[in-house]
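Notes follow once the structure below has been shown.
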Number of protein chains: 2
Amino acid sequence: MQNPIRLTVDAVVFGYDAGKISVLLVKRKYEPFQDAWALPGGFVSEDENLEEAVTRELLEETGVSINYLEQLYTFGKLGRDTRGRVVSVAYFGLVKPAAFRIKAATDAKETSWFDIQKLPRLAFDHDKILKIAIERLRGKIIYEPIGFELLDKKFPFSDLEKLYTTLLGREIDRRNFRKKILSLKVLDELDEKVSQGPGRPASLFSFNKERYFKLKAEGIIFEI
Amino acid sequence: MQNPIRLTVDAVVFGYDAGKISVLLVKRKYEPFQDAWALPGGFVSEDENLEEAVTRELLEETGVSINYLEQLYTFGKLGRDTRGRVVSVAYFGLVKPAAFRIKAATDAKETSWFDIQKLPRLAFDHDKILKIAIERLRGKIIYEPIGFELLDKKFPFSDLEKLYTTLLGREIDRRNFRKKILSLKVLDELDEKVSQGPGRPASLFSFNKERYFKLKAEGIIFEI
DNA sequence: GCAAAAGTGTTACAATTACACCCATGT
DNA sequence: ACATGGGTGTAATTGTAACACTTTTGC
């Protein structure tokens with residue numbers, strides 16, 4: 001009477017640091033695809049919500065705690081998993097550089113960040129899932145302010161600019177970009193500056209979520 | 001070892017006719033929610049793809065064959081189904097008026113179209129699913145030419161205009177709208193006219209998919 | 001004092017909006 | 001001939017894109 005379809009969740013978690021977009025992968029300990037890199041994830045248990053399952057798997061497998069998570073797509077094609085019929089609900093997550101750096105010290109856990117330009121061969125159909133996630137990231141950055149989820153709470157404007165340059169894959173005009181972003185009134189300029197290396201120190205900004213949601217409710221839409 | 005989560009698919013199928021957006025619902029024959037209206041759908045069998053399952057269920061329950069179908073969202077919250085843990089992959093579909101009219105003759109099948117402004121109480125969490133589908137329809141119509149999937153193959157321009165007026169919920173300027181759509185070069189004007197009632201007869205247009213895909217590949221984006 | 005990154009304004013061009021009259025048909 | 005819906009152009013405004021120099025710091 002029960003159908004024997006099993007349900008998993010997988011997470012595509014992106015991080016950004018120093019001009020590179022990276023994705024979090026884990027090395028599989030067991031067959032199938034033993035020792036292959038794969039997206040973190042696993043079977044959903046009967047008494048947990050899907051989001052709970054992803055969050056749990058992520059924490060268990062990678063120690064990373066997420067600050068933005070949304071559902072990506074559900075993959076259910078016959079034959080996508082060699083263990084039988086397995087349907088996977090994939091999620092899309094973003095973390096701030098802090099999480100990113102923590103990992104660099106705990107590499108031994110078979111967890112690693114990979115530059116999305118230099119990906120290894122992946123288990124199952126995880127290459128497809130990742131491809132769709134990258135498209136979503138690129139598409140979404142343009143009309144929703146998710147970029148801020150990839151930056152520290154306080155960031156110099158140039159970080160935001162570099163992030164967009166990287167994600168869009170083209171140069172953007174600094175003056176026009178600044179004008180546009182500031183005109184949206186969702187950034188607070190702090191009374192704080194940073195100077196990394198030579199050059200004029202930069203003011204720090206922070207993203208004002210309340211302001212954003214207020215504007216969104218009024219129908220004002222974020223768009224780059 | 002198997003987890004006892006069961007998987008269903010549900011379809012939110014929209015149709016458009018005479019200035020009204022309608023959704024296809026079925027009346028449930030069995031418990032739970034016997035005699036309540038619900039989205040067409042049902043359990044996925046082990047040897048079929050998710051899309052196959054939706055298409056099959058739709059055909060079985062409503063006789064409607066779909067011409068646009070995409071995955072909407074996966075609903076997996078605990079307690080959403082009184083029969084135990086059931087996760088549902090919802091799909092979003094559009095049909096042309098032909099399918100719409102056919103149904104009007106076969107009402108006895110416990111299948112009916114409902115104006116989305118006048119919905120009955122729905123079974124399970126189908127009201128939530130439908131709400132998300134309506135948002136998707138509204139959002140998507142602006143930057144992808146899915147509107148054409150709701151019209152006959154050949155249609156007068158005013159049909160398209162009325163459809164957009166309905167979906168956007170506001171008046172649009174006929175001249176500007178026409179200019180914009182025609183400038184996208186995805187409509188073919190046919191050597192054919194229709195006149196329904198009094199007034200000047202209207203030229204018929206058809207949507208040129210090949211042209212659209214070609215333009216899309218070149219990076220030219222449809223946007224209203 | 002010079003190299004390096006931050007910060008700023010103006011002008012040309014493109015896109016969007018607002019707006020009103022003539023045309024072809026049915027009755 | 002008149003009521004009804006189809007079809008068209010222009011001007012004002014707004015938004016986008018292009019473009020280069022000054023400022024503040026570290027070395």
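Chain letters run A, B, ... following the sequence lines, proteins first, then strands; residues in each count from 1. All values derive from a computational prediction rather than experimental measurement.
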| remark: note: B/Lys193, atom NZ; D/dG5, atom C1'; distance rounded to Å ~ 13 Å

| message | Given the structure, check if the side chain of A/Arg175 and the base of D/dA20 hold any donor-acceptor pair shorter than 3.5 Å. | response | yes

| Quick one: does A/Phe148's side chain get under 4.5 Å of A/Tyr212's, heavy atoms only? | no

| request: State which of D/dG6, D/dT23, D/dA17 makes the closest approach to the side chain of A/Asn176. | output: D/dA17

| Angle, rounded to 10°, between the helical axes spanning five pairs at each terminus of the helix from C/dG1-D/dC27 to C/dT27-D/dA1? | 0°

| said: Does a side-chain N or O of B/Ser158 approach OP1 or OP2 of D/dG6 to a distance below 4.0 Å, or not? | reply: yes

| B/Glu149/B/Lys209 ion pair, N-O < 4.0 Å | yes

| Which sits closer to the 5' end of DNA chain D, B/Pro198 or B/Phe205, going by the nucleotide each is nearest to? | B/Pro198

| remark: Here the distance between atom C1' of D/dC19 and atom CZ of A/Arg178, to the nearest Å, is 17 Å

| request: Return yes if a side-chain donor-acceptor contact under 3.5 Å exists between B/Ser88 and B/Asp10, otherwise no. | output: yes

| query | Within this structure, what is the NZ-to-P distance between A/Lys179 and D/dC19, rounded to whole angstrom? | reply | 13 Å

| request: Look at A/Lys140 together with A/Glu70 and state whether they make a salt bridge at an N to O cut-off of under 4.0 Å. | output: yes

| Upstream residue (5' side of DNA chain C) when A/Asp173 and A/Gly199 are each assigned their closest nucleotide | A/Gly199

| message | Looking only at the aromatic ring of each residue, does the gap between the centers of B/Tyr16 and B/Phe14 stay below 6.0 angstrom? | response | no

| request: Grab the CZ-C1' distance between B/Arg174 and D/dT4 for me, whole Å please. | output: 11 Å

| Just to confirm, is there a sub-4.0 Å distance from OP1 or OP2 of D/dG7 to any side-chain nitrogen or oxygen of B/Ser203? | yes

| Are A/Lys29 and A/Glu110 within salt-bridge range, i.e. N to O under 4.0 Å? | no

| Taking the nucleotide of DNA chain D with the closest heavy atom to each, which residue, A/Arg200 or B/Glu189, is nearer the 5' end? | B/Glu189

| task | Rounded to the nearest angstrom, tell me the gap between atom CZ in A/Phe177 and atom C1' in D/dG15. | result | 17 Å

| request: Look at A/Lys96 together with A/Asp152 and state whether they make a salt bridge at an N to O cut-off of under 4.0 Å. | output: no

| said: Quick one: does any side-chain atom of B/Glu135 pair with a main-chain N or O of B/Ile132 as donor and acceptor, under 3.5 Å? | reply: no

| task | Rounded to the nearest angstrom, tell me the gap between atom CD in A/Glu171 and atom C1' in D/dA17. | result | 15 Å

| said: At 4.0 Å (heavy atoms only), tell me whether B/Lys180 reaches a base, stays on the sugar-phosphate, or touches nothing. | reply: sugar-phosphate

| message | Without decimals, in angstroms, what is the distance between B/Asp159 CG and D/dG7 P? | response | 11 Å

| query | Does A/Pro156 reach the side chain of A/Leu204, with side-chain heavy atoms less than 4.5 Å apart? | reply | yes

| On DNA chain C, which is the earliest and which the latest nucleotide, 5' to 3', with an atom closer than 4.0 Å to a heavy atom of chain A? | C/dA4 to C/dT10

| task | For the pair B/Phe92 and B/Tyr68, name the ring-plane relationship: parallel under 30°, tilted 30 to 60°, perpendicular over 60°. | result | perpendicular

